[in-house]
J.: 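The structure is given below, and queries will be raised subsequently.
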Amino acid sequence: MKIAFVGIGLIGGSLAITLKENGFASEIIGVDIHQENLDKAIRRRIIDRDATLQQALQEADIIVLSTPVDAMLQLLPEILDQVDQQIVIDVGSTKVQLLEKVKDHPKRGRYVATHPMAGTEHSGPEAAIPNLFDYKCTVICDAELSDKDALELVQKMYESIPMGIVHLDSTSHDVHTAYVSHISHISSFALALTVLAKEEDENRIFELASGGFSSTVRLAKSSPDMWIPIFRQNRDNVLDVLDEHINQLARFRSLLIKKDFEKFYSLIQESNKIRKILS
Ligand code: NAP
């Protein structure tokens with residue numbers, strides 16, 4: 001199976017490494033906006049060779065769209081215009097706008113919308129790693145709109161990693177990812193800005209940062225090139241959960257002002273319920 005990745009960064013690169021290693025892909029073709037990324041990917045043996053988008057479309061059995069989500073809005077219809085029996089998938093973090101864009105495309109059936117739920121705060125081909133997706137889950141959206149053979153092959157591809165598969169409609173996908181993924185990034189960006197604003201001595205941050213601080217601001221190292229398009233596309237859902245987050249912060253603030261540590265204690269206890277859900 002020849003697989004072409006359009007956008008050979010963290011997610012495309014990590015998927016490419018995994019599918020080549022486990023034998024699902026016989027050849028990996030890389031397409032990217034910057035030749036430098038392709039050169040790095042060849043040096044790191046993430047891809048077997050680079051190609052133009054047109055060459056890749058002629059040669060690959062599966063085309064994986066792994067660019068930031070804004071570029072996908074333009075690339076997906078262009079790619080579907082040119083496919084025959086090949087299968088096209090995306091790995092983007094938002095789905096409603098992308099699926100709307102191709103809902104009436106005559107080749108809509110050849111496309112399967114997916115979101116492998118794994119990542120790190122790093123980006124680019126240098127960030128690609130094996131095993132990133134092991135035993136995590138992939139969301140497949142609006143599966144009934146994909147051709148049966150395309151859907152089956154894509155499910156087989158993710159199961160080969162191995163990953164679990166969750167089916168959602170695109171609207172629910174964007175709501176739930178706003179809750180469990182997008183808000184935690186805003187929270188981490190805001191925490192990093194808070195500490196940078198209050199602690200003028202950067203050496204102190206470095207010296208005193210313990211595991212707790214490092215793990216809560218880890219996501220603040222993420223690239224704005226990847227995240228701004230996500231916030232643009234999922235703005236309404238993110239605003240909804242951000243309002244709730246601000247309410248929660250205000251509750252803690254008000255309890256501190258009132259010195260109501262009993263209530264503060266019970267709020268922390270309530271938040272500890274997350275331990276049971278995630279363990
Ligand atoms: P990334 O590391 O920045 O990789 C994206 C790659 O696409 C880069 O090499 C980028 O090049 C290239 N690119 C940008 N525009 C392009 C275009 N028009 N044509 C071809 N290549 C283009 O980002 P990523 O973290 O892998 O994210 C890729 C996708 O996966 C995104 O849609 C994201 O929403 C989704 N996703 C991300 C995560 C995560 O945690 N990071 C998790 C799940 C899904 P330059 O950087 O040189 O511009």
Side-chain angles (χ1 to χ4, degrees), residues 4-18 28-44 46-47 50-57 60 63-79 88-99 101 113-134 136-141 158 161 163 166 168 170 173-174 176-178 180-186 188-189 218-234 237-238:
F5 286 84
V6 182
I8 195 77
L10 166 71
I11 299 297
S14 300
L15 208 48
I17 295 172
T18 307
I28 302 286
I29 303 169
V31 178
D32 198 278
I33 198 165
H34 292 123
Q35 185 60 40
E36 196 192 335
N37 294 331
L38 293 165
D39 294 342
K40 277 185 201 159
I42 288 174
R43 274 201 304 277
R44 288 201 57 209
I46 296 170
I47 59 175
D50 61 14
T52 63
L53 181 58
Q54 272 60 38
Q55 287 164 345
L57 288 175
I63 298 112
V64 180
L65 203 42
S66 40
T67 65
V69 293
D70 52 349
M72 289 180 184
L73 292 179
Q74 193 201 327
L75 283 165
L76 182 60
E78 269 177 37
I79 290 174
V88 184
I89 75 174
D90 81 291
V91 294
S93 305
T94 47
K95 287 288 178 272
V96 170
Q97 285 194 23
L98 188 62
L99 283 147
K101 193 94 190 174
T114 82
H115 182 188
M117 301 294 299
T120 71
E121 65 278 26
H122 306 298
S123 49
E126 52 275 64
I129 46 172
N131 311 116
L132 177 65
F133 302 106
D134 289 6
K136 303 280 173 32
C137 91
T138 289
V139 182
I140 295 187
C141 288
Y158 280 116
I161 290 176
M163 292 185 86
V166 173
L168 283 178
S170 52
H173 168 275
D174 284 12
H176 291 297
T177 51
V180 297
S181 166
H182 306 170
I183 186 64
S184 30
H185 283 79
I186 295 193
S188 191
F189 297 137
R218 178 180 67 81
L219 297 176
K221 299 176 195 163
S222 303
S223 158
D225 292 337
M226 217 276 286
W227 278 97
I228 291 300
I230 292 172
F231 294 130
R232 191 177 281 133
Q233 289 189 20
N234 208 17
N237 292 322
V238 172

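FYI, the numbering just counts along the sequence from 1. Read the numbers this way: they start at 1 and go in the same order the structure lists the ligands and their atoms.
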J.: Strictly under 4.0 Å, does any heavy atom of Ala118 approach an atom of ligand 1?
T.: yes
J.: Starting from atom 40 (O) of ligand 1, locate the nearest protein heavy atom and write down its residue, its atom name and how far away it is, to 0.1 Å.
T.: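 Ranking protein heavy atoms by distance from atom 40 (O) of ligand 1, first comes Gly119 CA, 3.3 Å.
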J.: Hey, mind stepping through Thr177 and Thr94 against side-chain contact (heavy atoms from CB on, under 4.5 Å) and telling me if it holds?
T.: CA-CA 8 Å; Thr177 51; Thr94 47; 5.8 Å; no
J.: For the residue pair Arg44 and Ala127, what are the closest heavy atoms and their distance?
T.: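 Minimum heavy-atom contact is NH1-N, 4.2 Å.
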J.: Minimum heavy-atom separation for Met163 to Met117, with atom names?
T.: CE-N, 4.3 Å
J.: Measuring from the heavy atoms of Val69, does anything fall under 4.0 Å of ligand 1?
T.: yes
J.: Search all heavy atoms of Asn37 against all heavy atoms of Pro125 and return the closest pair with its distance.
T.: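 Where Asn37 meets Pro125 most closely, the heavy atoms are O-CG, 3.6 Å.
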J.: Is it true that Met72 lies under 4.0 Å from ligand 1, counting heavy atoms only?
T.: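 The answer is yes, since Met72 has a heavy atom less than 4.0 Å from ligand 1.
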J.: Give, for atom CG of Asp174 and atom CD1 of Ile230, the distance between the pair rounded to the nearest 0.5 Å.
T.: 10.0 Å
J.: Rounded to the nearest 0.5 Å, what separates atom CG in Leu73 from atom OG1 in Thr67?
T.: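 The OG1 atom of Thr67 is 9.0 Å from CG of Leu73, to the nearest 0.5 Å.
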J.: When only distance counts, is Asp32 in polar contact with ligand 1, meaning an N/O pair under 3.5 Å?
T.: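 N/O-N/O distance under 3.5 Å: yes.
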J.: Below the 3.5 angstrom mark, is there an N/O of Pro125, backbone or side chain, next to an N/O of ligand 1?
T.: no
J.: Within ligand 1, which atoms have a heavy atom of Gly124 less than 4.0 Å away?
T.: 1 (P), 2 (O)
J.: Closest non-hydrogen protein atom to atom 28 (C) of ligand 1, residue and atom name please, with distance?
T.: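 Ranked first by proximity to atom 28 (C) of ligand 1 is Ser66 O, 3.4 Å.
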J.: At what distance is the nearest protein heavy atom to atom 44 (C) of ligand 1, and which residue and atom is it?
T.: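 Its nearest protein heavy-atom neighbour is Val91 O, 3.2 Å.
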J.: For ligand 1, which part of Ile230 has a heavy atom less than 4.0 Å away: the side chain, the backbone, both, or neither?
T.: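 It is the side chain that touches ligand 1; the backbone stays farther off.
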J.: At less than 4.0 angstrom from any non-hydrogen atom of Ala71, what atoms of ligand 1 do you find?
T.: 18 (N)
J.: How long is the gap from NZ on Lys95 to CG on Asp90, to the nearest 0.5 Å?
T.: 3.5 Å
J.: How long is the straight-line distance from CG of Leu76 back to CG of Leu98, given to the nearest 0.5 Å?
T.: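 It comes to 5.0 Å.
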J.: To which protein heavy atom is atom 4 (O) of ligand 1 closest, and what is the distance rounded to 0.1 Å?
T.: Gly9 CA, 3.3 Å
J.: Looking at CG of Leu15 and OG1 of Thr114, how far apart are the two atoms once the value is rounded to the nearest 0.5 Å?
T.: 8.0 Å
J.: Suppose we measure from atom 7 (O) of ligand 1 to each protein heavy atom; which comes out shortest, and what is that distance?
T.: Gly7 CA, 3.3 Å
J.: Backbone or side chain, does any N or O of Ile33 fall under 3.5 Å from an N or O of ligand 1?
T.: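 Between Ile33 and ligand 1, an N or O pair is found under 3.5 Å apart.
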J.: Which atoms of ligand 1 sit under 4.0 Å from any heavy atom of His115?
T.: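 Answer for ligand 1: 43 (C), 44 (C).
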J.: Starting from atom 32 (O) of ligand 1, find the nearest protein heavy-atom neighbour and note its residue, name and distance.
T.: Thr67 O, 2.7 Å
J.: Ala128 and Ile46: which non-hydrogen atoms are nearest, and at how many Å?
T.: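 Reported closest heavy-atom pair: CB-CD1, 3.8 Å.
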J.: Does the pair Ile161 and Asp134 meet the rule for a side-chain contact (heavy atoms from CB on, under 4.5 Å), with working shown?
T.: CA-CA 6 Å; Ile161 290 176; Asp134 289 6; 3.9 Å; yes
J.: Is it the case that ligand 1 has an N or O less than 3.5 angstrom from some N or O of Ile11?
T.: yes
J.: Just checking, is any N or O donor in the side chain of Asp50 or Gln35 under 3.5 Å from an acceptor N or O on the other one?
T.: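 The criterion, which ignores hydrogens and geometry beyond distance, is satisfied for Gln35 and Asp50.
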J.: To check you understand the geometry: which heavy-atom pair defines the closest contact between Ile29 and Ala56, and what is its length?
T.: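 So the two residues come closest at CG2-CB, 4.3 Å.
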J.: Check whether any heavy atom of Pro116 sits under 4.0 Å from an atom of ligand 1.
T.: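 Within the 4.0 Å threshold, so yes.
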J.: Considering only protein heavy atoms, which is closest to atom 23 (O) of ligand 1, and at what distance to one decimal place?
T.: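 Sorting protein heavy atoms by distance from atom 23 (O) of ligand 1 puts Met226 CG, 3.6 Å first.
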J.: If I apply the N/O under 3.5 Å rule, does His34 come out as touching ligand 1?
T.: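 For ligand 1, there is an N or O atom that lies under 3.5 Å from one belonging to His34.
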J.: What protein heavy atom is closest to atom 36 (N) of ligand 1, reported as residue, atom name and distance in Å?
T.: Ser93 OG, 3.3 Å
J.: I want to know if ligand 1 touches Pro68 in the polar sense, i.e. an N/O pair below 3.5 angstrom.
T.: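 Looking only at distances, the answer is no, because the N/O contact criterion of under 3.5 Å is not met.
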J.: Taking all non-hydrogen atoms of both residues into account, name the closest pair between Ile63 and Ala60 and its distance.
T.: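 In this case the closest contact between Ile63 and Ala60 is CG1-CB, 4.3 Å.
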J.: Name the option, out of Thr177, Val31, Asn37, Ile8, that contains the heavy atom nearest to atom 45 (P) of ligand 1.
T.: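 Going through Thr177, Val31, Asn37, Ile8 one by one, Asn37 has the nearest heavy atom to atom 45 (P) of ligand 1.
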J.: Using a strict 4.0 Å cut-off to heavy atoms of Gly92, name the atoms of ligand 1 that fall inside it.
T.: 32 (O)
J.: Is there any N or O on Ser123 that sits under 3.5 Å from an N or O of ligand 1?
T.: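 Among all N and O atoms of Ser123, none is under 3.5 Å from an N or O of ligand 1.
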J.: For ligand 1, note which part of Gln74 has a heavy atom under 4.0 Å away: side chain, backbone, both or neither.
T.: neither
J.: Say you draw a straight line from CD1 of Ile129 to OG1 of Thr18; how long is it, rounded to the nearest 0.5 Å?
T.: 9.0 Å
